[in-house]
Colleague: 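Submitted below is the structure of interest, expressed as structure tokens.
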Amino acid sequence: MSAPPPDPSPPPPPKLARRLLELLLPGDEGRRILDELDELYTRRAVAGKGGRAWYWRQVALYVVHLPRLYGGGTRPDVARLGGRPRPLHGFLRDVRFAFRSMRRHPTLAVTIVVTLGLGLGATLTVFALVDGIFLHPIPVSEPDRVVAVFQADEEGLQSHPHLSHPTLRAFQEAEAPALEAVEGHMTMDVGLRWGEVSDRVSAGFVTGGYFPLVGVEAAVGRPLVPADDRPGASLVAVLGHGLWTRAFGRDPSVVGRAVELNGTSVEIVGVAPEGFRGTTLESAPDVWLPLHRIRDVAAGGLYAAPNVFEIRAFPWIRIVGRLRPGATRGEAEAQLGRVALGLRRALGDESAVPDIARPVRVLPLAGAAVTRGREDLVRFVALLGGVVFLTLVVACANTAMLVTARTWSRTSEIGVRQALGAGRWRVVRQLLTENVVLAVLGGALGLGLSMMALRLLRSFALPGDVSLARLDLSPDARLLGAAVALGVVVAVAFGLWPAIGRTGRDVGRRLREGARGATAGPERSGVLLVTAQVGLSLVLLVGALLFTRTLRSAFDAPLGFEPDGVAALSFAFRGHGYPDDEIPVAMERILADVRAATEVRSAAIARHVPLSPPGLAFRPIPEGAEDGVDVRVSTNVVSPGYFETLGIPLVEGRAFGPGDGPDAEEVAVVSRSAATLFWPRESAVGRTFALMRLLGPVRVVGVVEDHKVHSVEDEGTPVIYLVAAQSVGMGIATDAQLLARAAEGGEYALGVLRRVMREFDPTLPLFDARLVEQQVGRVLMPQRFGALILGLLSAVTLALSAAGVYGMVTFVVRRRTRELGIRAALGAGPGRVLMHAAARTAVGVGAGLVVGLVLAGLTTRFVESWLVGVTPLDVTSFVGATVVLAGAAGLAALVPAWRAVRLDLRRVIQPEG
Amino acid sequence: MIRDHLGELEHRVLLAAGRLGADAYSVPVALHLEERTGREVALATVQVVLRRLEEKGMVTSELRNAPPDEGGRERRYYVLTDEGWVRLRETREELLGLWRGLEPLTEGEG
């Protein structure tokens with residue numbers, strides 16, 4: 001590599017670096033040193049060497065050489081300085097001393113740093129999660145003024161986020177002075193085509209004032225404006241930043257071009273800013289379109305109906321609002337409630353206005369961002385918070401003990417320094433500086449661990465379908481500040497008392513104490529700390545074992561169907577050029593091709609695969625009944641071959657066959673529990689029911705065995721199966737799962753499915769290719785997450801407790817070396833010496849185990865809802881945790897205690913010096 | 001009097017300062033060392049060593065203004081004392097004594 005050319009007029013040295021040096025090098029001498037450095041910098045730069053990096057390196061070297069530059073030794077050369085020594089010098093000297101001291105006793109220092117790092121890392125991770133989910137999940141302008149409008153359900157508890165279009169209009173036009181804007185939005189999957197690219201994306205339909213309400217500016221082009229949402233306007237769309245990156249390579253020229261959504265041409269007018277993913281956490285639109293143009297894009301179904309904007313019975317729009325400055329949510333709620341009441345009165349019949357029959361709620365957007373399973377999510381995060389709090393307490397307790405032990409073990413060193421003339425507060429300052437350095441290192445480690453943990457967690461989803469990948473979980477400056485601040489607070493808080501204690505006035509006593517190691521104080525508090533640590537660790541360990549056993553039990557539980565060897569592939573007909581009446585024929589062709597492949601035993605197309613989230617559900621009205629049944633019954637839409645493919649046994653009657661076409665009588669198959677629900681005393685086969693009022697009767701032709709439908713905890717969930725060819729409008733046109741069972745196994749079946757679909761229509765986007773046996777893992781996500789977190793944290797606290805016990809016994813042995821040596825000299829066997837070294841600690845551990853068992857017994861009922869096949873007081877988990885913890889503590893105590901046994905007697909009993 | 005042992009770096013800095021004579025201050029010393037040995041020595045290190053040599057009495061320093069064409073600002077110039085020259089000579093003799101007889105072994109290398 002050739003040298004850079006000489007630069008006749010080099011740039012000046014970096015300002016920040018120079019300023020730093022000015023602070024470090026005071027007085028005239030400092031100015032002279034700086035001049036010389038500048039001269040050398042210039043001369044090197046002219047010769048083509050040096051540069052800004054070189055200058056920064058010199059700054060670093062000056063920091064290192066600082067004490068020596070100013071005379072060296074303990075007294076700075078005041079004449080040279082030309083003034084008083086700067087406090088910064090003292091601090092830097094203390095820092096250097098701290099590092100030197102840590103090099104002398106690395107074990108203790110490393111233990112403190114790792115302990116703090118683990119505790120802080122766990123805390124920071126949960127802080128980031130809580131922040132991402134509840135505090136700042138949605139990047140909108142002035143988020144505390146943005147609200148979501150819901151309606152409460154019968155019990156006034158769980159809220160429904162969707163309202164009808166007439167209600168939205170009423171809220172927009174009404175007198176609600178507390179709100180300066182009310183807008184609507186919803187999402188729907190559509191097919192996107194642009195040149196060669198063909199994909200299935202999520203489309204957000206928003207009213208004209210939505211983007212101004214959320215206050216989001218476009219990254220490229222412009223956002224949607226009210227004029228785009230009026231009849232007669234040309235159809236335009238805004239791309240999401242993620243889709244723009246993925247499918248269009250961030251090409252700015254895509255603005256102004258047209259893409260096809262569900263076969264309709266749409267002009268792109270802008271790109272949303274990075275990080276904006278709409279106003280809920282459950283959906284993240286890839287493209288935004290005007291709400292009132294939804295009929296142009298929706299390929300059939302209810303959203304394409306001519307009266308979709310007039311039907312009150314169809315709640316499909318989420319409503320957001322922006323509060324006027326100074327207005328409160330309570331005021332908005334009251335005002336909108338009055339509007340709803342007025343509507344009800346005007347319409348007369350309450351049953352005609354289901355979506356405003358219940359009270360209106362106005363919630364802050366941040367907290368309302370998750371709607372499905374919200375209580376579950378809150379509880380889960382609360383549990384997580386509690387667990388992490390425990391970990392932090394254990395970490396702090398450990399740090400306290402270690403810091404105290406460290407200070408006490410340097411009693412003689414402290415005494416010597418004071419005897420040589422160091423002031424008391426000088427020494428205290430030195431000790432505190434050391435603790436601050438340890439804390440900063442611990443905070444840095446914690447931050448690093450937290451970042452790694454957040455990256456690992458991105459592949460998980462929390463209860464309520466909150467995919468962590470959708471959240472903005474990158475640590476920010478606040479997180480860093482919190483880490484360092486927390487670490488410093490801990491270190492100073494726990495370091496101050498022993499520092500002051502050990503630097504008392506009676507220096508002579510300190511020197512003697514240091515030599516003999518005679519005081520008892522820290523031992524008592526140390527034992528208390530060990531008790532606390534062991535107790536808390538036991539609670540966490542029990543939790544981890546409970547979740548692990550839950551997973552084992554859930555994976556072993558009988559599913560009611562046979563997932564092994566079955567593969568699934570998702571695709572959609574609608575929006576990709578298949579009108580509804582052609583879909584049954586297309587399905588038959590696909591299935592015929594799949595079944596023709598060798599080794600494929602059976603195949604089917606279905607709306608839902610077992611262990612998927614709930615979809616359509618109805619309150620069917622059985623033949624002979626007045627009203628619908630009391631529970632909502634899940635409804636699946638399947639082709640012939642479904643039960644055979646999934647191995648769901650037929651109990652009565654028949655399964656679907658080729659004769660069940662669009663023109664034949666409408667038939668259904670029900671699960672055993674559905675049959676019992678509808679007709680408790682007679683056979684279901686041959687009888688009819690209606691899915692809801694106004695729909696025709698459906699005849700039951702068969703009954704299948706119950707199986708797990710939505711979760712592993714399902715017991716006897718009733719299900720209705722409709723024939724795909726007769727129920728194309730029930731969702732299978734937009735979301736179909738192609739299934740196949742092969743003798744060769746699931747991977748082989750997947751390959752067949754892919755090949756057949758590619759040959760059938762290469763432009764149909766395929767996604768979510770998977771083995772059905774993986775569904776179980778998916779559905780157990782909260783339990784897996786819980787097991788992972790609790791497992792990690794309990795491993796951390798176990799290590800911390802063991803370290804605490806180790807440190808405690810080491811401390812005791814070191815301080816009571818003479819006493820133990822004398823005992824051994826007087827004839828005590830190794831066993832008795834061991835006992836004396838570890839007795840107090842053993843008592844602490846035992847007490848901790850008892851406390852922990854009691855605490856665990858009281859607290860495990862909070863996780864009962866997530867346990868499967870295991871009770872909260874599961875004996876195996878409790879006993880297992882106790883054994884593991886006792887074993888670890890025993891080992892941790894044994895190592896240093898053994899050292900006590902092998903003490904060299906003569907060295908120990910001799911007087912000091 | 002127990003003589004201070006001259007460390008390797010001190011030896012080199014002393015040599016450079018001696019060669020530069022009355023114009024020796026930290027910058028030309030550092031540049032001279034780099035030029036002659038092919039290795040950069042940090043300015044801070046040079047300044048620290050010069051200070052140490054002064055404490056050991058091998059150099060003295062005085063404040064003088066630089067020539068006008070070099071900025072005219074105050075600099076600290078160093079000059080070797082008699083003690084410094086004596087130590088330099090002695091160190092050289094010590095090293096030469098250690099080298100005696102080894103020259104044939106190092107020929108043909110480098």
Side-chain angles (χ1 to χ4, degrees), chain A residues 3 6 12-13 17-18 20-22 24-25 27-51 53-82 89 92-93 96, chain B residues 4-5 7-10 12-14 16-17 20 22-79:
Chain A
R18 205 173 186 287
L20 200 59
L21 274 183
E22 278 173 17
L24 285 174
L25 304 171
D28 292 333
E29 192 65 24
R31 193 183 39 75
R32 278 188 284 273
I33 293 175
L34 227 74
D35 285 346
E36 290 176 1
L37 181 63
D38 287 346
E39 185 191 331
L40 186 59
Y41 168 80
T42 308
R43 285 168 78 161
R44 288 177 69 87
V46 165
K49 293 191 268 192
W54 177 88
Y55 199 93
W56 275 105
R57 267 202 309 278
Q58 306 311 304
V59 171
L61 285 168
Y62 274 106
V63 171
V64 169
H65 282 304
L66 209 50
R68 279 172 250 162
L69 268 175
Y70 280 83
T74 50
R75 287 169 54 87
D77 187 342
V78 180
R80 276 282 177 79
L81 278 175
H89 288 181
L92 284 176
R93 187 175 310 141
R96 288 167 51 113
Chain B
D4 257 318
H5 173 69
E8 183 185 330
L9 198 51
E10 289 170 338
R12 290 167 185 237
V13 167
L14 211 51
L20 289 166
D23 295 327
Y25 63 104
S26 64
V27 174
V29 166
L31 287 171
H32 181 82
L33 285 172
E34 186 174 349
E35 186 195 334
R36 284 299 181 105
T37 66
R39 277 206 318 267
E40 185 191 343
V41 183
L43 190 65
T45 310
V46 169
Q47 287 163 343
V48 163
V49 170
L50 284 169
R51 216 145 290 204
R52 204 158 58 218
L53 289 170
E54 187 176 12
E55 278 170 18
K56 290 182 181 179
M58 297 190 205
V59 297
T60 55
S61 72
E62 64 163 354
L63 291 173
R64 255 183 9 238
N65 283 343
D69 59 341
E70 286 178 25
R73 297 177 76 118
E74 212 174 47
R75 280 181 191 151
R76 187 172 284 280
Y77 287 87
Y78 292 86
V79 82

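Because only heavy atoms are used, hydrogens play no part in the values below, and waters and symmetry mates are left out as well, while side chains stay in.
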Colleague: Pick from B:Ala42, B:Pro28, B:Gly71, B:Ser26: which one has the most heavy-atom pairs with chain A under 4.5 Å?
Modeller: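 Heavy-atom pairs under 4.5 Å are most numerous for B:Ser26.
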Colleague: Give every residue pair that meets the salt bridge (charged side-chain N to carboxylate O under 4.0 Å, His left out) criterion with at least one member in residues 24-43 of chain B, sequence neighbours excluded.
Modeller: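 Residue pairs passing salt bridge (charged side-chain N to carboxylate O under 4.0 Å, His left out), neighbours aside: A:Arg44-B:Glu34, A:Arg44-B:Glu40, A:Lys49-B:Glu34.
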Colleague: Spell out, as yes or no, whether a donor-acceptor pair under 3.5 Å connects the side chain of B:Arg73 to the backbone of A:Arg32.
Modeller: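 Not at all, since once roles are kept as given, no pair shorter than 3.5 Å links the two residues.
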Colleague: More than 12 heavy atoms of other residues, nucleotides or ligands under 6.0 Å from CD of B:Glu8: yes or no?
Modeller: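 No.
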Colleague: Enumerate the residue pairs fulfilling ring pair (Phe, Tyr, Trp, His ring centres under 6.0 Å) with a member in residues 22-56 of chain B, sequence neighbours excluded, ordered by first and then second residue.
Modeller: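 Listed once each, the pairs are B:Tyr25-B:Tyr77.
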Colleague: Counting only heavy atoms closer than 4.5 Å, note whether A:Gln58 contacts chain B via side chain, backbone, both or neither.
Modeller: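 Interface part for A:Gln58: side chain.
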Colleague: Can you tell which part of B:Leu31 gets under 4.5 Å to a heavy atom of chain A, answering side chain, backbone, both or neither?
Modeller: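 For B:Leu31, the side chain is the part near chain A, not the backbone.
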